[in-house]
Amino acid sequence: MPFGRLRGFQDITGLSAARFTAIEAAAREVFGLFGFEEIRIPLLEEKALFTRALGEETDVVQKEMYEFEDRSKTRVALRPEGTAGVVRAYLENSFDKNQGLSKFYYMGPMFRSERPQAGRLRQFHQIGAEALGTDSPYADVETIQCLVLFLKRAGISGYEVKLNNLGTFEERAGFREALRAYFKPHLGKLCGDCRNRFEKNVIRLLDCKNETCRELARKAPLLASHLTEESERHFNEVCEALKVAGIKYRLDPTMVRGLDYYTKTVFEVSHPKLGAQDALGAGGRYDRLVESFGGPNVGAVGFAVGVERLAMCVTEEAAAEEKFLEDAYFIVTLGERAFKEGFKILSELRNHGVKVSMDFSGKSLKSQMRGADKSKSRYVLILGDNELENGTCTVKDMRDGTQQLRLLDGYLASLVAQQRNKTC
Ligand code: AMP
């Protein structure tokens with residue numbers, strides 16, 4: 001084979017593809033419930049959009065973007081995340097003028113040229129939601145509730161929601177000064193990355209995984225002492241309303257996010273199944289981003305989850321359910337007459353929208369049953385000469401292995417009726 005996949009890029013096939021589809025369906029259902037509308041934004045944008053939104057000194061902008069000059073000499077980049085594009089689209093399509101609040105959700109591939117490892121890819125998929133045009137702490141809570149219900153609907157449990165208050169840009173400026181003063185005498189002990197962060201983005205020092213840096217970070221000043229009454233009040237209201245909504249969370253005063261645009265509430269959902277890269281999803285408020293793109297001074301809040309990581313956390317229970325496609329049928333035939341009858345039934349059922357397949361190879365019962373297994377159909381209709389003589393068929397439930405003899409016409413009519421009810 002002359003070609004292989006690029007490092008950090010994946011083909012998504014079989015059960016993984018089905019799991020992706022199920023996760024996306026859960027997102028559509030739950031986001032719809034919360035009044036978020038789908039938005040499809042381009043994969044390619046001007047590079048400056050991301051630099052402005054995420055911050056010049058962030059890891060994503062500094063080292064992870066797939067960027068190049070296109071034929072018209074514009075510097076472009078494959079999107080590393082969705083929020084910047086959504087905000088651009090919100091302004092470019094004048095949503096800020098037409099409506100007070102705009103709620104969007106998106107799903108699709110993102111690109112970051114990171115070092116590939118378990119749970120970290122160069123092309124990965126995110127599902128995200130953004131509420132633009134709101135300052136209310138209840139919007140933060142609504143967004144978090146939407147995330148939590150989506151996880152539940154996607155068959156994920158055992159996660160933890162962590163919460164922190166990052167304050168405003170002005171409050172963080174004071175905090176940065178305090179951090180610099182604290183870390184300065186320890187510069188020699190910091191890792192190379194952190195020495196760089198000390199100069200350019202000192203808050204990210206708190207996020208370093210290196211043990212020595214972590215030890216120092218544990219004793220570093222906390223942002224809490226730099227917050228004003230206004231942002232404390234906002235955060236307290238978020239915490240109160242989360243309790244009202246019945247959402248469990250843990251306060252994590254050391255949690256800082258990798259992107260600069262966040263203000264006030266930030267949150268992260270982690271899962272023990274994920275190992276070192278344990279973040280399933282993350283988000284927060286970004287009150288200055290719309291304005292920094294030339295729009296009105298309006299608040300916004302959103303989140304994004306990683307679909308590959310979600311798929312890794314689907315519970316065994318949910319995975320077992322995936323094993324069989326419920327309303328799917330497979331026709332197995334014995335002999336030429338049964339084959340022809342089977343094909344007629346196949347065509348008729350498909351005309352009525354029933355999901356049904358059949359093996360045309362004319363091989364043995366055993367071989368056809370293997371095909372049925374592979375198709376993951378929950379039910380197999382077995383037709384042989386005896387059954388045809390008596391106007392019956394044997395129906396095998398592949399989940400528990402039980403078999404029943406049914407009257408053929410009545411059974412087929414019930415499948416058609418069932419399908420009709422489903423589509424009504
Ligand atoms: P972020 O946009 O960095 O806040 O990431 C949000 C979520 O996207 C993370 O919690 C992960 O689930 C997922 N994610 C981010 N980067 C990657 C990556 N390189 N590979 C796989 N998933 C990722």
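Model, not experiment: these values are computed from the prediction. Whatever order the structure lists ligands and atoms in, that order sets their numbers, starting from 1. Hydrogens, waters and symmetry mates are skipped; everything else that's a heavy atom, side chains included, is used.
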Determine whether the aromatic ring centres of residues Tyr105 and Phe36 are separated by less than 6.0 angstrom. no
What distance separates Lys219 NZ from Glu215 CD, expressed to the nearest 0.5 Å? 4.5 Å
Is there a side-chain contact (heavy atoms from CB on, under 4.5 Å) between Leu190 and Leu205 once you walk through the steps? CA-CA 9 Å; Leu190 297 176; Leu205 247 154; 3.8 Å; yes
Is it the case that ligand 1 has an N or O less than 3.5 angstrom from some N or O of Val305? no
Please determine if Ala279 has a nitrogen or oxygen closer than 3.5 Å to a nitrogen or oxygen of ligand 1. yes
Could you list the atoms of ligand 1 found under 4.0 angstrom from a heavy atom of Gly281? 10 (O)
With atoms numbered from 1 as shown, which atoms in ligand 1 lie under 4.0 angstrom from a non-hydrogen atom of Gly119? 20 (N), 21 (C), 22 (N)
Identify the closest protein heavy atom to atom 4 (O) of ligand 1: which residue and atom is it, and at what distance? Arg257 NH2, 2.5 Å
Please write down residue, atom name and distance for the protein heavy atom closest to atom 6 (C) of ligand 1. Gln126 NE2, 3.3 Å
Nearest protein heavy-atom contact for atom 2 (O) of ligand 1: which residue, which atom, what distance? Arg112 NH2, 2.8 Å
Mind checking whether Glu114 has an N or O less than 3.5 Å away from an N or O of ligand 1? yes
Does some side-chain heavy atom of Met369 sit less than 4.5 Å from a side-chain heavy atom of Met398? yes
Top protein contact for atom 20 (N) of ligand 1, by heavy-atom distance: Leu121 N, 2.8 Å
In the protein, which heavy atom is nearest to atom 18 (C) of ligand 1, and how far is it? Phe124 CD2, 3.4 Å
Tell me whether Arg120 has any N or O atom under 3.5 angstrom from an N or O of ligand 1. no
The closest protein heavy-atom partner of atom 12 (O) of ligand 1 is Leu280 O, 2.9 Å
If we only count N/O pairs under 3.5 Å, is Glu308 in contact with ligand 1? no
Look only at interatomic distance and state if Gly306 has a nitrogen or oxygen under 3.5 Å from any nitrogen or oxygen of ligand 1. yes
Tyr379 ring center within less than 6.0 Å of Tyr329 ring center: yes
Around Lys355, counting heavy atoms of other residues, nucleotides and ligands shown, do more than 12 lie under 6.0 Å from its NZ? no
To the nearest 0.5 Å, what is the distance between CD on Glu308 and CD on Gln123? 8.0 Å
Per-atom contacts, ligand 1 versus Ala304 - under 4.0 Å to a heavy atom: 6 (C), 7 (C)
Checking the side chain of Thr74 only, and the main-chain atoms of Val76 only, is there a donor and an acceptor separated by less than 3.5 Å? no
Measuring centre to centre across the rings, with the benzene-like ring taken for any Trp, is Phe95 within less than 6.0 Å of Phe104? yes
Trace of the salt bridge (Lys or Arg N to Asp or Glu O under 4.0 Å) decision for Arg28 with Glu24: CA-CA 6 Å; Arg28 287 182 198 285; Glu24 287 167 1; 5.3 Å; no
